[in-house]
2 protein chains.
Amino acid sequence: MPIPNATPSSPRLHLVADDEDHSGCRALLQVLDRIGDKWTVMVVGTLARGPMRFNAIQRAINGISHRMLTLTLRGLERDGMVERRAFATIPPKVEYELTPLGRSLIAPLDTLMGWAQENRPTIEQAQTGYDGRPQGD
Amino acid sequence: MPIPNATPSSPRLHLVADDEDHSGCRALLQVLDRIGDKWTVMVVGTLARGPMRFNAIQRAINGISHRMLTLTLRGLERDGMVERRAFATIPPKVEYELTPLGRSLIAPLDTLMGWAQENRPTIEQAQTGYDGRPQGD
DNA sequence: CCGCATCCGATATGATACTG
DNA sequence: CAGTATCATATCGGATGCGG
């Protein structure tokens, strides 16, 4: 076991380490399966400001359908990232809120977003070069 | 300012910050569109060990089809994350290697993987609880 | 207001075979 | 060995309508 201290924030490169099987990679894929869809990140980002009602979330995201918001929230709720509180009033009122687990996801997501913002120009430049490149080159 | 905790290692929580439009969120979604598919992360993780030939990658990943590996590598190449070097020998030999841009993605990906590994038990526990919960509870 | 079911098109993935 | 094309299928996401 070549890992002396199990500090959570230790900067080991799990993705590259070959001391273990691809268990870390599989864990990453599990998470990407969750947040890699079209709306989950947007919903998490919206709920990061605080509890919000269903229609408020839908208005905030603008483009998400009624159905997909329901499904996305269900998935997040199932994973323990979002808590749902329904009030049996007329009309009904349902509030959604990020759990501590859900909030803890924001930091790593933000790290990825920092990378995305920094490298977007480079990526788009590479894409343009690739698309404009003739076959024989 | 309803945001209590700002992680020391990240100057700003872009995902939550409301001073700008959702431009950061969009950048994040762009990246997730790329790496959020079924194989990209696995390919990046495999190439992280060094340059590798097409069939070597396919054998390393085990489960990926010929076609999907081709498409995944094409996408990564287009984004400037992978460089492709073809040798016109018989039989042909093609090597793929992570570019500096591709390697720079490993760190944020690793951050996310750390989160995934730490919280996988919590998530699975939440899923079990959710699935076993009767409607009336 | 919120949730669910149904239908339907778009897209992602996989199997297979052919080419250089 | 590496790449491409074609076909089949599964899943995703959107529109819509009904129910509580």
Side-chain angles (χ1 to χ4, degrees), chain A residues 29-44 46-47 51-79 82-97 130-131 133-137, chain B residues 29-44 46-47 51-79 82-97 130-131 133-137:
Chain A
L29 289 174
Q30 272 192 347
V31 174
L32 284 177
D33 253 20
R34 294 292 164 188
I35 68 170
D37 65 12
K38 198 171 177 180
W39 299 110
T40 295
V41 166
M42 213 59 171
V43 171
V44 170
T46 302
L47 284 179
M52 212 177 286
R53 296 183 57 177
F54 186 93
N55 276 350
I57 303 172
Q58 186 172 19
R59 276 190 300 272
I61 292 186
N62 214 315
I64 191 171
S65 66
H66 196 107
R67 167 189 154 84
M68 285 318 294
L69 181 53
T70 301
L71 291 181
T72 303
L73 287 169
R74 281 262 169 283
L76 287 170
E77 192 192 354
R78 192 176 103 96
D79 290 348
V82 158
E83 190 196 340
R84 174 183 185 272
R85 274 193 305 271
F87 303 91
T89 57
I90 306 273
K93 170 180 166 182
V94 182
E95 263 194 3
Y96 291 91
E97 181 175 15
Y130 184 92
D131 293 342
R133 177 166 57 193
Q135 277 77 350
D137 192 20
Chain B
L29 289 175
Q30 272 191 346
V31 175
L32 284 178
D33 252 20
R34 294 290 163 190
I35 69 171
D37 65 11
K38 198 172 178 181
W39 299 110
T40 295
V41 165
M42 213 60 172
V43 171
V44 171
T46 300
L47 284 178
M52 214 176 284
R53 295 182 59 175
F54 185 92
N55 277 350
I57 303 173
Q58 185 172 20
R59 277 190 299 272
I61 292 186
N62 211 316
I64 191 171
S65 66
H66 197 107
R67 170 188 154 82
M68 285 318 294
L69 180 54
T70 300
L71 290 181
T72 304
L73 286 169
R74 280 260 172 285
L76 287 170
E77 192 192 355
R78 192 176 104 96
D79 289 349
V82 159
E83 191 195 339
R84 173 183 185 272
R85 274 193 304 271
F87 302 91
T89 58
I90 307 275
K93 170 177 163 181
V94 183
E95 263 193 1
Y96 291 92
E97 182 174 15
Y130 184 92
D131 294 342
R133 177 166 57 192
Q135 274 78 348
D137 189 21

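Because only heavy atoms are used, hydrogens play no part in the values below, and waters and symmetry mates are left out as well, while side chains stay in. Chain naming here is simple, since letters A, B, ... match the order of the sequence lines and numbering starts at 1 in each. Since this is a predicted model, take the numbers as computed values, not measurements.
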request  = Decide side chain to side chain contact (heavy atoms under 4.5 Å, CB included) for Phe54(B) and Leu73(B); before the verdict, give the C-alpha distance in whole Å, the side-chain angles of both, and the deciding distance to 0.1 Å.
outcome  = CA-CA 9 Å; Phe54(B) 185 92; Leu73(B) 286 169; 3.9 Å; yes
Between [options], which nucleotide has the shortest distance from any of its atoms to the side chain of [X]?
X: Arg53(B); options: dC1(D), dA15(C), dG20(D); result: dC1(D)
X: Ser65(B); options: dT13(C), dG3(C), dG14(C); result: dG14(C)
X: Pro91(B); options: dC1(D), dG14(C), dG3(D); result: dC1(D)
X: Val94(A); options: dT13(C), dG3(C), dG3(D); result: dG3(C)
X: Arg84(B); options: dG3(D), dC2(C), dT13(C); result: dG3(D)
X: Met68(A); options: dG14(C), dC1(C), dG13(D); result: dG13(D)

Atom [atom1] of [X] and atom [atom2] of [Y]: how far apart are they, to the nearest 0.5 Å?
X: Ile64(A); Y: Trp39(A); atom1: CD1; atom2: CH2; value: 5.5 Å
X: Ile57(A); Y: Leu47(A); atom1: CD1; atom2: CG; value: 4.5 Å
X: Glu95(A); Y: Arg84(A); atom1: CD; atom2: CZ; value: 11.5 Å
X: Gln58(A); Y: Met68(A); atom1: CD; atom2: CE; value: 12.0 Å

Quick one: do Asp79(B) and Ile35(B) satisfy side chain to side chain contact (heavy atoms under 4.5 Å, CB included)? Show the steps, please.
CA-CA 11 Å; Asp79(B) 289 349; Ile35(B) 69 171; over 6 Å; no
| said: Both Lys93(A) and Arg67(A) contact DNA chain C. Taking the nearest nucleotide for each, which residue is further toward the 5' end? | reply: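 Result of the comparison: Lys93(A).
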Query raised in the report: So what does Thr70(A) hit on the nucleic acid, given a heavy-atom distance under 4.0 Å: a base, only sugar-phosphate, or nothing?
Result: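 The residue Thr70(A) makes sugar-phosphate contact but no base contact.
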What is the nucleic acid contact for Phe87(A), judged by heavy atoms within less than 4.0 Å: base, sugar-phosphate only, or nothing?
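Answer is nothing: Phe87(A) stays at 4.0 Å or more from every strand.
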| said: Nearest heavy atom decides the nucleotide; on that basis, is Lys38(A) or Tyr96(B) closer to the 5' end of DNA chain D? | reply: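 Result of the comparison: Tyr96(B).
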*asked:* What's the angle between the local helix axes at either end of the helix from dC1(C)-dG20(D) to dG20(C)-dC1(D), using five pairs per end and rounding to 10 degrees?
replied: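 Here the helix ends are tilted 30° relative to one another.
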Quiz item: Do Thr40(A) side-chain atoms and Gly36(A) backbone N/O form a donor-acceptor pair below 3.5 Å?
Solution: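 Answer holds: no.
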Exercise. Check whether the side chain of His66(B) and the base of dG14(C) form a donor-acceptor pair under 3.5 Å.
Key: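 There is none.
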